[in-house]
Amino acid sequence: MNNTMKYKGYIGSVEFSEADGLLFGSVQGIRSLITYEGTDVHSLVQDFHDAVDEYLEDCERFNWKPEIAYKGSLNIRIGKELHKKAAVYCINNERTLNSFIEEAIREKLASVAV
């Protein structure tokens with residue numbers, strides 16, 4: 001089962017409210033709050049597309065630069081000891097910490113479907 005949708009480079013979450021009997025979600029990876037909902041899968045997907053289109057139209061109308069999700073940089077918190085161990089490993093193996101973390105993520109994701 002997939003809990004995300006993709007449209008025009010944006011990723012949308014898919015959630016369910018039992019109390020309201022609605023599917024809903026929001027665009028992930030950007031600061032702007034873009035939400036959508038639907039009573040079935042088709043209406044959820046359509047509202048997601050409409051919400052992204054409206055966001056992009058607003059950006060054009062107000063001369064805003066649309067946010068880009070998942071630009072390739074992130075700030076992580078891993079704790080002092082793990083940070084230190086990773087840094088020492090990289091120094092001893094003549095690697096950058098960025099390349100080490102990228103490899104670790106690639107290896108982990110190779111074994112799962114995304």
Side-chain angles (χ1 to χ4, degrees):
M1 182 172 154
N2 193 344
N3 293 329
T4 59
M5 304 181 284
K6 297 175 185 163
Y7 181 65
K8 293 188 175 179
Y10 292 93
I11 307 293
S13 64
V14 177
E15 300 182 56
F16 173 68
S17 169
E18 183 177 5
D20 298 323
L22 287 174
L23 296 164
F24 66 96
S26 62
V27 173
Q28 304 295 296
I30 63 174
R31 290 188 177 113
S32 296
L33 179 60
I34 303 171
T35 61
Y36 43 86
E37 64 181 41
T39 55
D40 56 40
V41 172
H42 177 75
S43 63
L44 178 72
V45 171
Q46 186 61 57
D47 203 41
F48 169 53
H49 290 190
D50 291 346
V52 169
D53 288 340
E54 184 177 317
Y55 168 70
L56 294 173
E57 289 167 8
D58 284 348
C59 287
E60 188 173 324
R61 181 177 1 184
F62 296 111
N63 201 27
W64 300 334
K65 184 175 180 180
E67 292 181 68
I68 298 171
Y70 310 110
K71 295 180 273 191
S73 65
L74 71 146
N75 183 4
I76 61 172
R77 290 170 187 81
I78 59 174
K80 291 179 184 179
E81 285 305 308
L82 188 57
H83 186 178
K84 183 168 138 186
K85 285 181 182 181
V88 169
Y89 173 85
C90 290
I91 291 167
N92 290 334
N93 290 278
E94 298 180 356
R95 299 192 58 184
T96 66
L97 195 51
N98 280 341
S99 69
F100 174 71
I101 292 169
E102 183 178 349
E103 180 183 332
I105 292 171
R106 284 184 193 282
E107 286 178 10
K108 181 66 176 180
L109 292 177
S111 64
V112 299
V114 178

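Atoms considered below: every heavy atom in the structure, side chains included; atoms not considered: hydrogens, waters and symmetry mates.
A donor and an acceptor atom, one from each side chain of Asn98 and Glu102, are nowhere located under 3.5 Å apart.
Scanning all heavy atoms of the two residues, the minimum distance from Val14 to Met5 falls at CG2-CG, 3.7 Å. The two residues Ala51 and Ile34 come nearest to each other via the heavy atoms CB-CG2, 3.6 Å.
To the nearest 0.5 Å, the span separating NE2 on His42 from CG on Leu23 amounts to 13.0 Å. With rounding to the nearest 0.5 Å, the separation of CD in Glu54 from SG in Cys59 is 11.0 Å. Taking CD1 of Ile78 as the start and NZ of Lys84 as the end, the distance is 13.0 Å to the nearest 0.5 Å. Ile101 CD1 to Arg106 CZ: the interatomic distance, rounded to the nearest 0.5 Å, is 13.5 Å. Within the model, atoms CZ of Phe16 and CG of Asn3 stand 13.0 Å from one another, a figure rounded to the nearest 0.5 Å.
Other members of the cluster containing Phe62 are Trp64, with ILVMFWY side chains joined at under 4.5 Å, either directly or via other members. Hydrophobic clustering, defined by side-chain heavy atoms of Ile, Leu, Val, Met, Phe, Trp and Tyr closer than 4.5 Å, groups Ile11 together with Tyr70.
Listed by first then second residue, pairs satisfying side chain to side chain donor-acceptor pair (under 3.5 Å) with a partner in residues 73-83 number zero, not counting sequence neighbours. Residue pairs meeting the salt bridge (Lys or Arg N to Asp or Glu O under 4.0 Å) criterion with at least one partner in residues 10-30, sequence neighbours excluded, do not occur; the list is empty. Residues in residues 85-108 take part in these ring pair (Phe, Tyr, Trp, His ring centres under 6.0 Å) pairs, two or more places apart or across chains: Tyr89-Phe100. Counting only residues at least two apart or on different chains, the salt bridge (Lys or Arg N to Asp or Glu O under 4.0 Å) pairs with a member in residues 91-101 are Arg95-Glu103.
In terms of the side-chain contact (heavy atoms from CB on, under 4.5 Å) criterion, residue partners of Leu109 (sequence neighbours excluded) are, by chain and number, Ile105, Val112, Val114. Applying the side-chain hydrogen bond (donor to acceptor under 3.5 Å, both in side chains) test to Ser43 and every residue at least two apart in sequence or in another chain returns Asp40. For Arg31, the side-chain contact (heavy atoms from CB on, under 4.5 Å) partners are Glu67, not counting sequence neighbours. Partners of Asn92 according to the side-chain contact (heavy atoms from CB on, under 4.5 Å) rule, which considers only residues two or more places apart in sequence or in another chain, are Val88. Every residue two or more places apart in sequence or in another chain that forms a salt bridge (charged side-chain N to carboxylate O under 4.0 Å, His left out) with Arg61 is listed here: Asp58. Residues passing the side-chain contact (heavy atoms from CB on, under 4.5 Å) test with Leu56, sequence neighbours excluded: Lys8, Tyr10, Val52, Pro66.
In this structure, the side chains of Tyr36 and Ser13 come closer than 4.5 Å at one or more pairs of heavy atoms. Looking at heavy atoms from C-beta onward, Leu22 lies in side-chain contact with Thr39 at the 4.5 angstrom threshold.
In the displayed structure, Gln28 atom CD is contacted under 6.0 Å by more than 12 heavy atoms of other residues, nucleotides or ligands.
By the criterion of side-chain heavy atoms lying less than 4.5 angstrom apart, applied directly or through intervening Ile, Leu, Val, Met, Phe, Trp or Tyr residues, Leu74 is grouped together with Leu97 in one hydrophobic cluster. Under the 4.5 Å side-chain heavy-atom criterion for Ile, Leu, Val, Met, Phe, Trp and Tyr, Tyr7 and Ile68 are members of distinct hydrophobic clusters.
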